[in-house]
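All values below were derived from every heavy atom in this structure, side-chain atoms included, with hydrogens, water molecules and symmetry-related copies excluded. As the structure is a computational prediction, the values presented were derived from the model and not from experiment. Throughout, residue positions are numbered sequentially from 1 according to the sequence presented.
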Amino acid sequence: MTDSGSAERVEAVVLDSLPNGRPDDTRPQYQKDPLAYALGIEEFGLYELTLEEDERVLVGDRLIVEPASERDAVTAARRVGFDDLSGAARSELDYAVEEMLEADEERFVEFYNEAQPITLRLHQLNLLPGIGKKLRNDLLDERKRKPFDSFEEIEERVSGLHNPREVLVERIIEELREEDLKYRIFVRGVEHAE
């Protein structure tokens with residue numbers, strides 16, 4: 001996603017702030033723009049954001065990426081891959097994803113309630129780390145009885161599934177790191193800038 005003026009609203013949380021620009025940028029300091037790396041809240045896109053001159057943002061701040069007309073501190077945005085992130089942004093990623101799942105628990109519990117087969121032999125639930133055929137069937141049986149209301153309830157009702165929130169965090173991080181995954185549940189495909 002670039003500065004196309006897309007109508008879709010994208011909000012992101014800052015993973016790292018580089019007030020002096022990228023360290024590998026060889027231009028003189030006065031020519032470097034402040035940057036931030038951020039994670040899209042809804043679609044988990046990774047972004048490099050160019051900030052207005054003298055703009056300072058902190059890890060955890062929320063910024064509008066799209067549409068461009070609604071941006072405050074951001075002058076340009078481009079979608080990046082995991083390998084494009086700074087080391088600090090990479091290390092912050094797990095915490096940011098975990099906070100997002102905690103803040104919007106209902107949305108992610110709903111995944112456990114609505115996950116569907118992908119093929120005759122593969123179910124979306126099987127894409128989650130540690131979920132094999134037996135655990136998948138236990139989840140499907142339990143949700144038929146009554147939909148899940150919380151991560152805690154999933155853990156209580158499905159024997160063997162410990163910390164269902166962390167299972168989703170692991171899958172989302174895997175989708176962010178691996179560009180060539182065949183199936184994605186949470187993260188849109190990585191689109192590199194031109």
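The two residues V109 and D149 come nearest to each other via the heavy atoms CG1-C, 3.9 Å. Nearest approach of V169 to D94, heavy atoms of both residues: CG1-O, 4.3 Å. Contact between E52 and D72 at its shortest, heavy atoms only, is OE2-O, 2.8 Å. Minimum interatomic distance between H123 and R143 (heavy atoms only, all atoms of both residues): NE2-NH2, 4.3 Å. Nearest heavy-atom pair across V187 and R79 is CG1-NH2, 4.3 Å. The two atoms that bring L49 and A38 nearest to each other are CD1-CB, 3.8 Å, heavy atoms only.
Under a hydrophobic-cluster definition in which Ile, Leu, Val, Met, Phe, Trp and Tyr are linked whenever side-chain heavy atoms come within less than 4.5 Å, directly or via other members, L46 and V59 are assigned to different clusters. A continuous path of ILVMFWY side-chain contacts below 4.5 Å connects L122 to V167, so both sit in one hydrophobic cluster. Residues L140 and I118 are members of one and the same hydrophobic cluster, defined by side-chain heavy-atom contacts under 4.5 angstrom among Ile, Leu, Val, Met, Phe, Trp and Tyr. Using a 4.5 Å cut-off between side-chain heavy atoms of Ile, Leu, Val, Met, Phe, Trp and Tyr, with links allowed through other members, Y183 and I185 fall into the same hydrophobic cluster. I64 and V74 sit in two unconnected hydrophobic clusters of ILVMFWY residues. Membership requires side-chain heavy atoms under 4.5 Å apart, directly or through other members.
The closest side-chain heavy-atom distance from Q124 to P117 is not below 4.5 Å. Counting heavy atoms from C-beta outward, L51 and L63 have side chains that approach closer than 4.5 Å.
Side-chain atoms of R177 do not come within 3.5 Å of backbone N or O of F82 as any donor-acceptor pair. A donor-acceptor pair under 3.5 Å is absent between the side-chain atoms of E105 and the main chain of A103, judged by distance alone. Side-chain N or O atoms of R107 include one that pairs as donor or acceptor with a backbone N or O of E42 at under 3.5 Å. Looking only at distances, no side-chain donor or acceptor of E178 sits under 3.5 Å from a matching main-chain atom of D180.
The list of salt bridge (Lys or Arg N to Asp or Glu O under 4.0 Å) pairs with a residue in residues 121-138, not counting sequence neighbours, reads K134-D138. Listed by first and then second residue, the side-chain hydrogen bond (donor to acceptor under 3.5 Å, both in side chains) pairs that reach into residues 159-169 come to none, sequence neighbours excluded.
Note that CG of L181 is 9.0 Å distant from CG of L127, once rounded to the nearest 0.5 Å. The distance from the CD1 atom of I173 to the CG atom of L168 is 11.5 Å, given to the nearest 0.5 Å. Here the CZ atom belonging to F108 is positioned 5.0 Å from the CD1 atom belonging to I172, to the nearest 0.5 angstrom. Summarising the geometry, atom CD belonging to E152 is positioned 11.0 Å from atom CD1 belonging to I154; distances are rounded to the nearest 0.5 Å.
For F148, the ring pair (Phe, Tyr, Trp, His ring centres under 6.0 Å) test picks out no residue, with sequence neighbours left out. Residues passing the salt bridge (Lys or Arg N to Asp or Glu O under 4.0 Å) test with R62 are E11, sequence neighbours excluded. F186 meets the ring pair (Phe, Tyr, Trp, His ring centres under 6.0 Å) test with F111; sequence neighbours excluded. With sequence neighbours left out, P147 forms a side-chain contact (heavy atoms from CB on, under 4.5 Å) with N113. Here E99 pairs with nothing under the side-chain contact (heavy atoms from CB on, under 4.5 Å) rule; sequence neighbours left out. Applying the side-chain hydrogen bond (donor to acceptor under 3.5 Å, both in side chains) test to E153 and every residue at least two apart in sequence or in another chain returns K146, R157. Considering only residues two or more places apart in sequence or on other chains, E98 meets the salt bridge (Lys or Arg N to Asp or Glu O under 4.0 Å) condition with none of them. Scanning for side-chain hydrogen bond (donor to acceptor under 3.5 Å, both in side chains) contacts around R145 gives an empty result, with sequence neighbours left out. Applying the salt bridge (Lys or Arg N to Asp or Glu O under 4.0 Å) rule to E156 yields no partners; only residues at least two apart in sequence or on another chain are considered.
Applying the 6.0 Å contact sphere to CG of D83 captures more than 12 heavy atoms from other residues, nucleotides or ligands.
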Would you give me the side-chain donor-acceptor pairs under 3.5 Å for residues 12-22, sequence neighbours excluded?
from: D16; atom 1: OD2; to: S86; atom 2: OG; distance (Å): 2.5
from: S17; atom 1: OG; to: V57; atom 2: O; distance (Å): 3.1
from: R22; atom 1: NE; to: E48; atom 2: OE2; distance (Å): 3.1
from: R22; atom 1: NH2; to: E48; atom 2: OE1; distance (Å): 2.8
from: R22; atom 1: NH2; to: E48; atom 2: OE2; distance (Å): 3.0

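Ring pair Y112/F151 is perpendicular by interplanar angle, where above 60° counts as perpendicular and below 30° as parallel.
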